[in-house]
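Notes follow once the structure below has been shown.
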Amino acid sequence: MIRFLISRSIQGIIVIFAVICVMFAILKSSPGGPFRSERAISPEAMAAKMAHYGLDQPWPVQLWRHLVHYATFDFEESYLFAGRTVDEVIASGFPVSAAIAIPALLIALGIGVPLGALAALRPNTLEDRGSTLAATLGICTPSMVLGPLIAMFFGLKLRWFNTSGWFDTTDWVLPAITLGIIYSAYIARLTRGSLRETLAQEFIRTAKAKGAGSFAIIFRHALKLACLPVLNFLGPAAAGLLTGSFIVETVFQLPGLGQFFIAAAVNNDHALATAISVFYAALIVGFNLLVDILQAWLNPRIRLQA
C-alpha cells in the first residue's frame with residue numbers, strides 16, 4: 001500500500017507539472033495581452049505592470065518562476081483581481097462550486113444507481129426501455145438547455161427558487177438538480193451495463209445453485225462489483241463538479257470557479273487560469289487515487305500495484 005501511494009503521488013506530481021507547462025504554452029501563444037483595456041495606457045505604465053508581474057522576462061524564466069511558486073506554495077498575484085493571489089480567488093469561488101457539486105453528486109447517485117439497477121434486473125421490459133430512454137435523453141440534453149428549462153419551471157412559473165444569483169440559502173437547488181440529472185444519466189447507463197454483465201458471470205450462477213436468495217445475490221455480490229465502473233466515472237466527475245460547471249454557473253449567474261476561469265481566459269489572466277487548471281488536475285489525481293483504494297476494498301482480486 002505504501003509503495004502504491006508513493007508511486008501514485010509521484011505520478012500525480014508529474015501530471016501537475018505537465019499541466020503547468022501545457023497551460024503556460026497555450027496561454028503564452030494566445031493573442032493579446034493580460035492588460036488590454038478600452039482606455040489607452042502609457043508605455044511607461046505598461047512597462048511597470050509587466051515588470052511587476054515578471055512578464056518582461058524571457059519565457060523560460062517565467063515558466064521557472066511558475067514552477068517555483070507552485071513548488072513552494074507561494075502563489076502569484078492575479079492579473080485581473082489586483083491585490084489578490086490566485087489561491088485567494090480560488091478560495092472565494094470554491095465554496096460556491098462545492099455547495100452545488102456535493103448535492104449534485106448525491107442526486108446523480110440517488111437517481112442513476114437505482115434506475116440502472118432496475119433496468120438491469122428487468123431486461124427487455126417496459127422498465128428497462130423506460131430507464132434506458134430516460135438515461136439517453138439525459139445524456140443527449142445539454143446543460144445549456146436543461147438549466148433554463150428547470151429555471152423557467154421552478155423559478156419563473158412556480159416561483160419556488162431564484163433563477164439566478166447567489167443570494168439565498170436555497171440558490172444551490174436548481175443548479176444542483178441540473179447537474180445531478182445530467183450525471184445521473186451516465187451513472188444509470190454504467191450501472192445497467194455493469195450489473196447485467198456481473199449477473200451473467202459464473203460465480204452468480206454458482207451462488208444461485210447453492211440456494212442463495214435474490215437479495216443476497218444482488219446486494220452482497222453483484223451490486224458491489226457492478227459499482228466499480230461507476231467509481232471509475234465518479235473520480236473525474238467529482239473533480240469536474242467541484243471545480244464548477246462553466247455552463248451551469250453561467251446560466252444561473254453563480255460566482256463559482258467556473259466563472260472565475262472564464263473571466264481569467266477572456267482577460268488573459270495567465271496566473272489565475274493556470275492555477276484553476278492545476279487545482280482541477282490535483283482534484284482528479286486525488287479522486288482517482290481514492291477510487292483505486294475503494295476498488296481494491298470492494299474487489300479483493302484487485303491488488304494495489306505501483
Side-chain angles (χ1 to χ4, degrees), residues 9 12-13 15-24 26-27 34-35 49 52-55 62-63 65-106 162 164-176 178-180 234-290:
S9 298
I13 293 172
V15 168
I16 293 173
F17 170 80
V19 168
I20 296 173
C21 295
V22 170
M23 285 297 299
F24 180 85
I26 292 174
L27 293 171
F35 304 115
K49 277 182 171 288
H52 175 73
Y53 291 101
L55 300 177
Q62 293 183 42
L63 177 58
R65 289 184 58 186
H66 272 298
L67 296 174
V68 170
H69 281 301
Y70 283 102
T72 59
F73 295 97
D74 180 21
F75 298 103
E76 301 170 279
E77 183 180 344
S78 170
Y79 308 158
L80 180 61
F81 303 96
R84 300 173 65 187
T85 58
V86 292
D87 59 312
E88 292 174 345
V89 177
I90 291 175
S92 65
F94 181 69
V96 177
S97 297
I100 299 167
I102 295 173
L105 199 60
L106 295 176
N162 295 327
S164 64
W166 192 255
F167 310 106
D168 194 76
T169 55
T170 59
D171 287 339
W172 60 269
V173 175
L174 297 186
T178 302
L179 291 172
L234 287 182
L241 286 170
L242 285 171
T243 49
S245 172
F246 302 158
I247 296 176
V248 170
E249 288 187 5
T250 301
V251 168
F252 292 98
Q253 293 297 300
L254 304 176
L257 283 179
Q259 291 296 291
F260 283 126
F261 186 81
I262 292 174
V266 171
N267 294 278
N268 280 337
D269 188 343
H270 300 170
L272 182 56
T274 302
I276 295 177
S277 300
V278 170
F279 183 61
Y280 177 64
L283 285 176
I284 290 181
V285 169
F287 280 119
N288 283 341
L289 177 60
L290 179 61

Using 30° and 60° as the class limits, which term best fits the ring planes of Phe73 and Phe75: parallel, tilted or perpendicular? perpendicular

Kindly give the heavy-atom pair with the smallest separation between Arg84 and Ser92, and that separation in Å. NH2-OG, 3.1 Å

For a quick test of reading the model, state the closest non-hydrogen atom pair linking Pro175 to Val248 and the distance between them. CB-CG1, 3.8 Å

Distance in Å, Ile20 CD1 paired with Leu63 CG, rounded so as to fall on 0.5 Å steps: 8.5 Å

In Å and rounded to the nearest 0.5 Å, what is the CD1 to CG distance from Ile276 to Leu257? 5.5 Å

For Thr274 and Met23, the nearest pair of non-hydrogen atoms, with its separation, is OG1-CB, 4.0 Å

Is it true that Ser78 and Glu88 share a donor-acceptor pair across their side chains at a distance under 3.5 Å? no

To the nearest 0.5 Å, how far apart are CD in Glu76 and NE2 in His270? 11.5 Å

Drop me the distance from Phe252's CZ to Gln259's CD, to the nearest 0.5 angstrom. 12.5 Å

Heavy-atom side-chain contact between Phe81 and Leu272 under 4.5 Å: yes

Heavy-atom closest pair (Trp172 atom, Ala99 atom, distance to 0.1 Å) is CB-O, 3.8 Å

Return the set of residues passing side chain to side chain contact (heavy atoms under 4.5 Å, CB included) with Asn288 (not counting sequence neighbours), or none when no residue passes. Pro236, Ile284

Would you confirm whether the ring centroid of Tyr280 sits within less than 6.0 angstrom of the ring centroid of Phe261? no

Here the gap from Cys21 atom SG to Leu67 atom CG, rounded to the nearest 0.5 Å, amounts to 5.5 Å

Heavy atoms only: give me the nearest Leu105-Leu234 pair and the separation to one decimal. CD1-CD2, 3.8 Å

Checking Tyr70 side chain against Phe17 main chain: does a donor-acceptor pair fall under 3.5 Å? no

Drop me the distance from Leu179's CG to Leu174's CG, to the nearest 0.5 angstrom. 11.5 Å

Heavy atoms of Gly258 and Glu249 approach each other most closely as N-OE1, 2.9 Å

